[in-house]
Amino acid sequence: MGRNLIQRILVGGAVVLLVGCVGISWRPAVAPVSPPAADSFAPALVALGGQLAAAGNCAACHTVAGGPAYGGGLGLETGFGLAYSTNITPDPQTGIGNWSEEAFTRAMREGVDREGSHLLPAFPYTHFTKLTDGDVKALYAFFMTRPAVVAPDRANTIPFPFNVRALQAGWKLLFFDRGVYQAVSGKSEAWNRGAYLAEGIAHCAACHTPRNRLGAEKRNAAYAGAPFDGWLAPPLNAANPAPMPWTQQDLYDYLRTGESEAHGVAAGAMADVVHNGLAKLPDADLQALATYFADGNGSAARAPAAAAALALASSRRLVDAGRETEPGAHLYLAACASCHYSPAAKPPTIQGSLALSTSITADDPANFIQTLMHGVGGAGMPGPYMPGFAAALTDNDIALLAAYLRRTRSDQPAWVNLPAAIAARRPPTAVTP
Ligand code: HEC
Ligand code: HEC
Ligand code: HEC
């Protein structure tokens, strides 16, 4: 067979595949409507929708910093190019003002827009498909009662052929399980409520589950931990590297307040999830989430070893004495120990020993580096505060500190490739001394 013929067969095959996808992917448009009057929605329904919008972090993707609420325009890296979030305010021309409830429901449940085009999975419809009718209705009521913003959608930068929306039909066949959450029998009501929230509106797996090369969450690695925006969203399953198990109480404290005594504080994107999202949910919902994850992470099985882990971590707060001449220890004592120490009489909080934090024990130094670059708290966040050290410490200082704390606060092997990991996370505007 000549090369030409093979080429022709390959191209022909690709065309057939494309046409096939277009064929199975065709979806009708849903007729446009006039924007429904804001007072046609019951206030209680709008309020519920507001809670769900917070828990779903809609604003994190659909609002740009300093821009109007839900006006869209944030570029999200898909691995193939940028996908821009859209305007989801009720402006009829540039937003979703002429979307009926049916059109909105189809977008949330099936990832198809009003005109019938497939939406990209950068929009987490793969999770929102699990929402009940009542919850979708409430979200629709909430968005239809927001101030309309005139903001045309921005064109994505995803190149051909990945920008062919019809091809999303193939992606959906492979990776999308459509359908409302089904309660698991034999599990408690709280567990099922937690699973419903986590797998659906709160889409915890979108950050905490690793993805395959086509951007789909790996089914066989649920909550196994994944990189997110220069951070590590740590494993939430039995592979979680925290020395102390995450008990239901620990998870509840962390999700409710952004801090757990035995684990540390929520920073990076997780701070946003907690303080701008979960904060709007009632206590019972956060207990439900804690119930679900405490069951899935094997914390009960690890409980017998917790006391020993705590004692070991606690003993580690004393390791710096006598090491003052080591460069890492020297830096630590000068820049960190004024806050990160605990007198022996006190129970060893995370702040005291640092040995309980996954930012030290995880395989990836990402969260340690980010915490040093950006600090903790501030920006209206409640709770304790640590300044960012991006301007005060060089990359080499941070590498010395990372290596020293990893060696003295954990039994894990040294982090490899620290210089590159640090350089990649240095904020561009920070002035290096
Ligand atoms: C992780 C980021 C992310 C989150 C969180 C998110 N969205 Fe989106 N959303 C997007 C992106 C990106 C698009 C555009 C997708 C595309 O171009 O195919 C989109 C599209 C949409 C669309 C289709 C609009 C149109 O004009 O075609 C709707 C409706 C929508 N989102 C509603 C929501 C709601 C409601 C929430 C919260 C419950 C939410 N989104 C949360 C990223 C997100
Ligand atoms: C002004 C006080 C202060 C200084 C100085 C300080 N920290 Fe912190 N640090 C905090 C507080 C408060 C927290 C968050 C509370 C907690 O984790 O208990 C924190 C959290 C951390 C965490 C994250 C722990 C977690 O998972 O929550 C790391 C890692 C850390 N600090 C390392 C350092 C290093 C290394 C230095 C020195 C370069 C340093 N800190 C200097 C106050 C400080
Ligand atoms: C937008 C991405 C994102 C979403 C959504 C998200 N997380 Fe996170 N999560 C992170 C990142 C990044 C970290 C690391 C932050 C840090 O160490 O301070 C984190 C940290 C955590 C931790 C601490 C783990 C440890 O051992 O240190 C827990 C627990 C957690 N998340 C639970 C959840 C739950 C439950 C949900 C859903 C309700 C959720 N996350 C949704 C990104 C996310």
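Note that the numbering runs from 1 along the sequence shown for the chain. In what follows, every heavy atom counts, from backbone to side chain, and hydrogens, waters and symmetry copies are set aside. One-based numbering, in listed order, for ligands and for the atoms of each. Computed from a predicted model, the values in this text were never measured in an experiment.
Residue contact annotation: H62 places an N/O/S atom under 2.8 Å from atom 8 (Fe) of ligand 1. For residue C339, no N/O/S atom approaches atom 8 (Fe) of ligand 2 to within less than 2.8 Å. Within the 2.8 Å limit, T371 places no N, O or S atom next to atom 8 (Fe) of ligand 2.
In terms of protein heavy-atom proximity, atom 36 (C) of ligand 3 is closest to C204 SG, 2.8 Å.
The part of F368 lying near ligand 2 is the side chain, judged by heavy-atom distances below 4.0 Å. Contact annotation for L232 and ligand 3: only backbone heavy atoms (N, CA, C, O) come within less than 4.0 Å of the ligand. For P234, every heavy-atom contact with ligand 3 shorter than 4.0 Å involves the side chain, none the backbone. With a 4.0 Å heavy-atom cut-off, ligand 3 is reached by no atom of D229. In S359, the part holding a heavy atom less than 4.0 Å from any atom of ligand 2 is the side chain. If you look at H340 next to ligand 2, the close heavy atoms, those under 4.0 Å, all belong to the side chain. Under 4.0 Å from ligand 3, the heavy atoms of H208 that appear belong solely to its side chain.
Residue A266 has at least one heavy-atom neighbour below 4.0 Å for each of these atoms of ligand 3: 18 (O). Interface atoms of ligand 3 facing A202, defined by a heavy-atom separation under 4.0 Å, are 38 (C). Taking every non-hydrogen atom of C207 and a distance limit under 4.0 Å, the qualifying atoms of ligand 3 come out as 1 (C), 2 (C), 3 (C), 4 (C), 5 (C), 42 (C), 43 (C). Each of the atoms 17 (O) of ligand 1 lies under 4.0 Å from some heavy atom of N156. Atoms of ligand 3 found under 4.0 Å from any heavy atom of L236 (numbered from 1 in listed order, with element): 28 (C), 29 (C), 30 (C), 32 (C), 33 (C). Which parts of ligand 3 touch V265 is read off a 4.0 Å heavy-atom cut-off, strictly below it: atoms 18 (O).
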Exercise. Take W99 and F143 through the test ring pair (Phe, Tyr, Trp, His ring centres under 6.0 Å) and record every step on the way to the result.
Key: CA-CA 11 Å; W99 288 38; F143 282 102; over 10 Å; no
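Selection from G268, A267, A198 by nearest heavy atom to atom 15 (C) of ligand 3 gives A267. Of the options Q370, E199, M270, M244, the smallest heavy-atom separation from atom 6 (C) of ligand 3 is shown by M270.
The pair R407-E326 meets the salt-bridge criterion, with a side-chain N (NZ, NE, NH1 or NH2) lying under 4.0 Å from an Asp/Glu carboxylate O.
A distance of 6.0 Å or more separates the ring centres of F228 and H208.
Ring geometry for W191 against Y292 counts as perpendicular: the plane angle is over 60°, on a 0 to 90° scale with 30° as the lower cut.
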